[in-house]
Amino acid sequence: MFYREAGDFKTSYRDDSQTFPISFDRWRYYAVLIVAFGVIPFLINDYWANALLVPFLIYAIAAIGLNILTGYCGQVSLGTGGFMAVGAYACYKLMTAFPDVSILIHVLLAGGVTALVGVLFGLPSLRIKGFYLAVATLAAQFFLVWLFNKVPWFYNYSASGQISAPERTFLGHAVTGPATTASAKYLFCLAILVVLAWLARNLTRGTIGRKWMAIRDMDIAAEIIGVNPLTAKLSAFAVSSFFVGVSGALFFAVYLGAVEVGEAFGIQKSFLVLFMIIIGGLGSIFGSFAGAAFLVLLPVVLKVIGVDLLGWPTDIVAHIQLVIIGALIVMFLILEPHGLAQLWRVAKEKLRLWPFPY
Amino acid sequence: MNDMSTEGYTTADGRKIGGVLMEMKNITLRFGGVVAIKDISFDIREGEIRAIIGPNGAGKSSMLNVISGFYVPQEGEVWFRGYRRGPMRPYQVARLGIARTFQNIALFEGMSVLDNIMTGRLNHMKSGMLAQALWWGKAEREESENREQVEKIIDFLEIQNIRKTPVGRLPYGLKKRVELARALAAEPKLLLLDEPMAGMNVEEKEDMSRFILDVNDEFGTTIALIEHDMGVVMDLSDRVVVMDYGKKIGDGTPDEVRRNQDVIDAYLGVAHD
Ligand SMILES: Nc1ncnc2c1ncn2[C@@H]1O[C@H](COP(=O)(O)OP(=O)(O)OP(=O)(O)O)[C@@H](O)[C@H]1O
Ligand SMILES: [Mg+2]
């Protein structure tokens, strides 16, 4: 009964285009922020940080990035893993070359480098679409992984071919390296995610977002009303790659600490993030969160239920997981292309009308 | 620019028509062996409603596509507001103040009615990407100001109650109206309408005719439209170009065109020699 638009009148166009037009939604959003920043850091331990929370935060950044490109601008990419690798290696090179500069700057610069690389690999999108573009980005994926394996300069000629993050502090707390606490990792990633999600939300609800969606829905009509396809597509590649690059940098420096490129940023990663936005919802920031949460949570839940509770062998549970993901992808693609985000919206719409649906 | 262009004329219902806004000179457009437009010249004057008619496949849509920069003619010149226009991409043409609708509706199906119409105002929105990302100062102000303009158009076309509806869910007639709204949002100097009433029932056609006349009257927008319904064409337009098999076979007021023997033959399907 409380979830209502009634009595919640908008008196300006500004209010009407708010992110959360219903004040109840807005309060719930503040509540989530308060819990995320004020409560969880005191409860978190290594298990929760490493198994769930930190990967969720980092994948959410990647999913928002891919959603901007694929969900909003309609350009399919299978190169997410490769672009995350660019972010990771850029961050590594910067961390080792300029040890005195803040890690935050390095992470953001890594995003910037990835944006440039993304624009470069986005150039073919001006000529090709759909399936062919997907194949081109797939080629980018394999090329980038090969490059980081092949050229020793990228991993500073280390014997193992791996890169590992030296310890860096932020505001006096270690955020990379073995001494990092769970809450420091968590808070560092959370702060970056919150700011980036806010930026993404602003971009997608404004002029540039409408340009992207126009290109996605009908590129010919978009051009006729004055959208330059070149700048629209390349800006989507740039912004998207920036997000993906930042997530790659965090994945390497904060989450894993040491990385072998093919293992951490292989083609499976591209598919994982793509599945996140399909399940979560194409063209929705909230859906990026939902999809990331779902696919980070799923293996953990299955392990707890299947292995710990029912005592099934680990490999069987792993197979079950693949089957579930596969079935969900097919289901969402066919039945609900807007994913969990749309199911959530429909549920809210029902709630708004409840208990008198007509 | 020739002298003719500065003179205008007064229509039967007393509207003042100005000088030449757009002039097509000896346009020829070929697709491989097919000649879609053959050496056609005509002009569109400021404030006028200009119709292009002709049987199916006559080359009408092709002509509109040449005007909006979609096709580049092999021969001929396109003049707009007194300047010769070089080859341009469609988005550059849009920036000159030319907006259009399509024969087969070309809306952004995944976006709401409001967002569709807001895209029509892209060329009036100049804030940079950083300002938009931060939703700061100019970006936010611009969004509100342009929203205000869009709301005026929404009121004008009487589509207030579907503002937030995704376009994909609308019936055909309303989609046509939203597409007109998106074109109007650009505040074009020249508005091109490719069969704005195709597939509509009588009532919807009357509404659409009224909107077209009101647009012309209230905003002074010059309009070039393609239409098959002769009744509508005769009612709406000040001057008519008639095309058949890529050639111009008539040009004048509705009355003149109606009496033109070539036009009568074309419409009655007299064999071509
Ligand atoms: N992109 C294209 N490629 C090849 N041929 C084309 C193309 N566009 C149009 N044509 C041809 O040019 C001729 C004119 O087509 P156009 O669409 O301009 O006719 P129209 O007068 O708009 O007809 P209708 O009333 O059916 O809409 C036709 O013979 C058509 O097949
Ligand atoms: Mg046509």
Side-chain angles (χ1 to χ4, degrees), chain A residues 5 10 12-19 21 68 71-74 115 195-232 234-236 238-239 242-243 282-284 337-338 342 345 349, chain B residues 65 68-70 89-96 98-102 105-112 114-116 118-136 139-148 150-151 163-164 167-168 179 182-183 185-186 188 192:
Chain A
E5 275 171 331
K10 313 293 177 299
S12 73
Y13 296 131
R14 180 186 161 182
D15 290 351
D16 195 33
S17 62
Q18 280 180 126
T19 306
I68 284 173
Y72 283 94
C73 196
V195 172
L196 288 188
W198 176 71
L199 295 179
R201 169 66 199 153
N202 287 341
L203 284 173
T204 52
R205 70 174 158 161
T207 319
I208 186 91
R210 283 191 290 265
K211 282 185 189 171
W212 291 338
M213 291 189 277
I215 289 282
R216 171 196 70 192
D217 284 350
M218 191 168 274
D219 51 357
I220 290 170
E223 197 172 350
I224 287 278
I225 60 169
V227 178
N228 180 347
L230 179 105
T231 53
L234 292 187
S235 65
V239 174
F242 176 83
F243 278 64
L282 292 168
S284 156
H338 298 292
Q342 178 67 10
R345 255 194 303 274
E349 220 151 88
Chain B
N65 283 332
S68 57
F70 213 63
R89 303 286 310 162
Y91 69 87
Q92 295 169 315
V93 173
R95 285 171 196 175
L96 293 178
I98 298 180
R100 69 170 292 177
T101 65
F102 291 81
I105 301 167
L107 284 167
F108 308 122
E109 297 271 324
M111 299 160 70
S112 68
L114 185 63
D115 274 337
N116 264 276
M118 282 295 278
T119 56
R121 293 203 62 80
L122 284 178
N123 290 333
H124 298 265
M125 302 176 84
K126 303 272 183 282
S127 67
M129 195 147 96
L130 194 64
Q132 288 180 50
L134 300 172
W135 206 250
W136 212 342
E140 199 191 353
R141 214 168 45 241
E142 223 177 38
E143 186 82 10
S144 301
E145 285 164 6
N146 283 285
R147 174 75 190 273
E148 230 163 279
V150 163
E151 288 294 334
R163 251 197 215 94
K164 299 263 164 107
V167 159
E179 206 190 11
R182 184 181 68 188
L192 310 171

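Throughout, protein chains are lettered first and strands after them, A, B, ... in sequence-line order, and every chain is numbered starting at 1. Keep in mind that the numbers below use all heavy atoms, side chains included, and drop hydrogens, waters and symmetry copies.
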Need one label for B:E109: side chain, backbone, both or neither, based on atoms under 4.5 Å from any heavy atom in chain A. backbone
If we define contacts as heavy-atom pairs under 4.5 Å, which of A:A214, A:G206, A:G283 has the most with chain B? A:A214
Which of the residues A:L203, A:L199, A:N228 is involved in the greatest number of heavy-atom pairs with chain B at under 4.5 angstrom? A:N228
Where on A:A200 is there a heavy atom nearer than 4.5 Å to chain B: the side chain, the backbone, both, or neither? neither
With heavy-atom distances below 4.5 Å as the criterion, would you say the side chains of B:R121 and A:R210 are in contact? no
A:S235 and B:M129 have their tightest heavy-atom pair at CB-SD, 4.3 Å
Measure the spacing between CG of A:D217 and CG of B:N116 and express it to the nearest 0.5 Å. 7.5 Å
Most heavy-atom pairs under 4.5 angstrom with chain A, which of B:N146, B:L122, B:I98? B:L122
Heavy-atom distance under 4.5 Å to chain A: side chain of B:R182, backbone, both or neither? side chain
I'd like to know whether B:F70 forms a side chain to side chain contact (heavy atoms under 4.5 Å, CB included) with A:I220, so could you lay out the CA-CA distance, the side-chain angles of the two residues, the decisive distance to 0.1 Å, and finally the verdict. CA-CA 9 Å; B:F70 213 63; A:I220 290 170; 3.2 Å; yes
Scanning both residues in full, the closest heavy-atom pair of B:R95 with A:G226 reads NH2-O, 3.2 Å
B:L134 to A:W198 - nearest heavy-atom pair and separation: O-CH2, 3.5 Å
Closest non-hydrogen atom pair, B:P90 against A:E223: CD-OE2, 3.3 Å
Could you check whether A:R205 makes a cation-pi contact with B:W135, meaning its NZ or CZ is under 6.0 Å from the centre of the six-membered ring and within 45° of the ring axis? yes
Minimal non-hydrogen separation, A:I224 against B:S68, with atom names: CD1-OG, 4.0 Å
Heavy-atom distances under 4.5 Å only: say whether B:D115 touches chain A with side chain, backbone, both or neither. both
Could you pull out the closest heavy-atom pair between A:M218 and B:A106, with the gap in Å? SD-CB, 3.2 Å
Criterion side chain to side chain contact (heavy atoms under 4.5 Å, CB included) on B:F108 and A:I225, from CA distance to verdict: CA-CA 11 Å; B:F108 308 122; A:I225 60 169; 3.7 Å; yes
Report yes if the side chains of B:M125 and A:K211 come closer than 4.5 Å at any heavy-atom pair, otherwise no. no
